[in-house]
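Following: one structure in structure tokens, then a few remarks.
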Amino acid sequence: MVERTANPAHGDYSITLPLKLARELHRRPAQIAAELAGRLSLPAGFADVEIAPPGFINLRLRPSWLQAQVEPIAGAGAGWGRSDLGHELPVQVEFVSSNPTGPLLFSHARGAVVGDVIARLLEATGFAVQREYYVNDTGNQVRLFGESIQAAIRGQPAPEGGYQGAYVEEMARAAAAKLGKNATVEALAEFGIVANLESIRRDLDRLRIAHHAWFSERSLYQGWDQDTMAKLRSLGLVVERDGAVWFVTGGDKDEVLYKRTGEPTYFAADIFYHRDKLEKRGYQRVVDVWGADHQGQVNRLKQALEVLGIDPARLTVILVQLVSVRRGTEIVRMSRRSGVGITLEEMLDEVGSDAVRYFFLLRSSDAHMEFDVDLAKQQSNENPVFYAQYAHARLSNVRKFGAAVQAAPAFERLDSEWELDLLRAIVRWPDVVREAAESLEPHRLAFYANELAARIHVFYKNVRVVVDDQPVSAARLRLSEAARVTLANALDLMGVAAPERM
RNA sequence: GCCCCCUUAGCUCAGUGGACCAGAGCAUCCGCCUUCUAAGCGGAGGGUCAGAGGUUCGAAUCCUCUAGGGGGCGCCA
């Protein structure tokens with residue numbers, strides 16, 4: 001209803017309600033606008049309203065109000081922009097959850113960054129967030145992984161559909177040294193999983209990601225599986241057919257819960273796990289960040305939750321589209337099935353975590369993206385991550401340069417277009433955080449950071465901060481500090497460093 | 001065949017119902033460092049917003065259809 005204007009000539013905010021009411025009331029929007037404008041009681045920060053055809057009510061922030069924000073923001077530090085909208089509601093964000101049968105691949109990194117920043121956004125808006133990694137530590141793939149290590153120890157080729165590569169060989173050597181050459185498949189799998197989880201944790205740590213909990217799939221099979229199955233059976237939604245156990249959807253296609261081998265399917269595990277989160281552990285909201293190749297699972301899982309009496313709206317699944325990697329003119333698409341294995345570790349070595357994070361955050365999750373390795377690792381102005389970081393470094397330098405200024409700040413003299421434009425960008429920050437958190441769209445942070453950095457660079461170029469006039473200097477220094485704090489908070493929410501110098 | 005995402009400037013992408021020329025970065029061309037960091041700033045050129053129809057006072061944005069690209073639809077994970 002109240003929105004930011006795209007065009008500065010139309011003020012800072014506009015109200016479009018009159019246009020929306022016009023249809024229902026069968027009256028001219030301009031009349032409604034005039035009437036409404038007369039009755040508006042505006043916060044003190046706004047100048048008088050303007051009515052623009054065909055029926056907009058435009059609002060403009062007063063320079064005096066903007067100037068009065070400088071000192072509080074400059075002094076607010078890390079709290080600036082945070083809010084308590086969530087009222088400490090328990091929310092879980094589950095992300096990464098890559099199989100512990102191998103190292104983290106670069107294709108996992110996008111979901112890792114998106115999930116982490118969603119968690120940061122929810123924390124910043126007052127939710128009690130738990131970050132969880134779901135560990136598939138049992139089942140077919142785990143056994144296959146154990147068999148693959150065993151084969152490597154014995155110098156045999158990997159089993160059909162098994163795992164291979166240098167990391168398996170390495171693991172085989174380490175396992176043989178520790179467990180002996182005749183260790184069981186189970187013991188080898190366990191050894192490999194522990195080692196992989198360590199390496200995954202190490203990679204995530206380099207990406208500045210830390211989970212609170214690593215949830216073991218195995219733990220679901222200590223009764224909770226049977227409890228859930230009993231409930232489904234009592235609802236009459238389970239049948240046995242062809243030696244397998246099926247979930248009756250009522251729709252066109254039933255789904256297998258237990259294979260003929262007696263093993264649960266991933267679908268069954270998903271049901272057990274999500275019932276555990278939403279019912280047993282009582283998270284009011286759960287956000288899962290999945291790769292787009294899991295899209296087909298969303299509806300059937302929600303359907304199953306619903307019949308179990310759990311409101312499926314409490315679960316939000318963010319599907320992150322796949323990433324392709326560009327090196328020079330070569331483009332490699334990274335999907336799970338293509339088996340392209342650029343590891344996250346290699347990419348972190350090559351381009352660093354700031355660039356990886358920033359690049360992923362420059363795209364909305366539902367857009368396919370191309371990760372340009374050459375661009376990401378360039379230490380030059382072509383690399384967008386430096387643009388924002390450089391703005392922060394410049395302001396940090398200004399702060400040092402002006403440390404000796406003592407006078408009382410003359411905030412009312414921050415009246416140039418560059419200073420006021422910068423202020424308008426700064427005061428938007430809490431709205432940006434709230435909107436990004438509500439929409440679960442981390443990329444809004446990156447776009448804001450770019451925009452704020454642009455205002456900072458223009459300000460820096462056109463307005464000399466440290467000048468002979470001490471009261472003006474003092475005011476500009478505080479404005480610089482307010483901008484620096486805001487940019488630092490934005491970068492912090494993105495998990496990107498805000499360097500003092502570059 | 002069915003489901004999901006995408007199609008906007010040469011390239012990579014924002015914008016997803018409102019207001020004069022549809023935005024940014026890169027790339028191309030032209031300017032700006034005796035002054036707090038030029039990893040910066042300013043300017044120029046460049047677009048039938050894939051196509052068609054519809055809803056609306058108004059559509060890049062919503063609805064339908066078509067075309068193209070990607071992903072999924074398995075007792076795989």
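Each chain gets a letter, A, B and so on, in the order its sequence line appears, and its residues count up from 1. A quick note: this is a predicted structure, and the numbers were derived from the prediction, not measured.
- With distances taken from any side-chain atom of A:Tyr460 to the nucleotides B:C13, B:C75, B:C36, the minimum falls on B:C36.
- Within 4.0 Å of A:Ser480, counting heavy atoms only, lies no atom of the nucleic acid at all.
- Remark: the separation of the P atoms in B:A60 and B:G53 is 14 Å, to the nearest Å.
- Using a 4.0 Å heavy-atom cutoff across all strands shown, A:Val317 reaches no nucleic acid atom at all.
- Atom CZ in A:Phe359 sits about 12 Å away from atom P in B:C26, given to the nearest Å.
- Considering every non-hydrogen atom in both A:Asp242 and A:Arg260, the closest pair reads O-NE, 3.4 Å.
- Within 4.0 Å (heavy atoms only), A:Glu451 reaches no atom of the nucleic acid at all.
- Syn is the glycosidic conformation of B:C33, whose angle stays within 90° of 0.
- Taking the ring centroids of A:Phe360 and A:Phe106, they lie under the 6.0 Å cut-off.
- The nearest whole Å value for the distance from the CD1 atom in A:Ile318 to the C1' atom in B:G71 is 17 Å.
- Atom CG of A:Asp293 is separated from atom P of B:C76 by 17 Å (rounded to the nearest Å).
- Partner of A:Leu445 under the side-chain contact (heavy atoms from CB on, under 4.5 Å) criterion, out of A:Leu121, A:Leu362, A:Leu361: A:Leu121 alone.
- Contact annotation for A:Arg476: no contact, since no heavy-atom pair falls under 4.0 Å across all strands.
- Legend: residues meeting side chain to side chain donor-acceptor pair (under 3.5 Å) with A:His443, ordered by chain and number and at least two apart, are absent.
- Counting to the nearest Å, the P atom of B:G74 and the CG atom of A:Asp254 are 13 Å from each other.
- Nucleic acid contact for A:Ala244: base, since at least one base atom lies under 4.0 Å from a heavy atom of the residue.
- No side-chain donor from either of A:Glu147 and A:Tyr163 sits under 3.5 Å from a side-chain acceptor of the other.
- Applying the side chain to side chain donor-acceptor pair (under 3.5 Å) test to A:Glu217 and every residue at least two apart in sequence or in another chain returns A:Asn136, A:Tyr221.
- Along RNA chain B, the nucleotide nearest A:Arg464 and the nucleotide nearest A:Gln141 are compared for position; the residue whose nucleotide lies closer to the 5' end is A:Arg464.
- Under the Watson-Crick or G-U wobble criterion, with both distances below 3.5 Å, B:G42 is paired with B:C30.
- For A:Asp372 and B:G25, the CG to P distance is 17 Å, given to the nearest whole Å.
- B:G23: Watson-Crick or G-U partner is B:C13, with both key distances under 3.5 Å.
- Counting only heavy atoms from C-beta on, A:Val465 has its side chain closest to B:C36 among B:C13, B:C36, B:C76.
- Residue-level contact check: A:Arg399 touches neither bases nor backbone, having no heavy atom under 4.0 Å from any strand.
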**Q.** Reading 5' to 3' through nucleotides 2-8 of chain B, protein heavy-atom contacts under 4.0 Å coded B for base, S for sugar-phosphate only, - for none
**A.** -BSBS--
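- In the set B:C75, B:C36, B:A77, B:C36 carries the atom at the smallest distance from any side-chain atom of A:Val466.
- If you run ring-ring contact (aromatic ring centres under 6.0 Å, His included) between A:Phe215 and each of A:Tyr273, A:Trp224, A:Tyr133, only A:Tyr273 comes through.
- Atom CZ of A:Arg444 is separated from atom P of B:C13 by 19 Å (rounded to the nearest Å).
- Base pairing of B:C73: its partner is B:G1, meeting the Watson-Crick or G-U wobble criterion (both donor-acceptor distances under 3.5 Å).
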Can you give me the N/O atom pairs linking the protein to nucleotides 41-45 of chain B at distances under 3.5 Å, or say none if there are none?
| unit_1 | atom_1 | unit_2 | atom_2 | d |
| --- | --- | --- | --- | --- |
| B:C41 | OP1 | A:Tyr387 | OH | 2.6 |

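- The salt bridge (charged side-chain N to carboxylate O under 4.0 Å, His left out) check on A:Asp469 picks up A:Arg413, with sequence neighbours excluded.
- Taking A:Glu370 as the reference, A:Arg326 meet the salt bridge (charged side-chain N to carboxylate O under 4.0 Å, His left out) condition, with sequence neighbours excluded.
- A sub-4.0 Å separation between OP1 or OP2 of B:C76 and a side-chain N or O of A:Lys259 is present.
- With a 6.0 Å cutoff to the six-membered ring centre and a 45° limit on the axis angle, A:Arg434 does not count as a cation-pi contact of A:Trp429.
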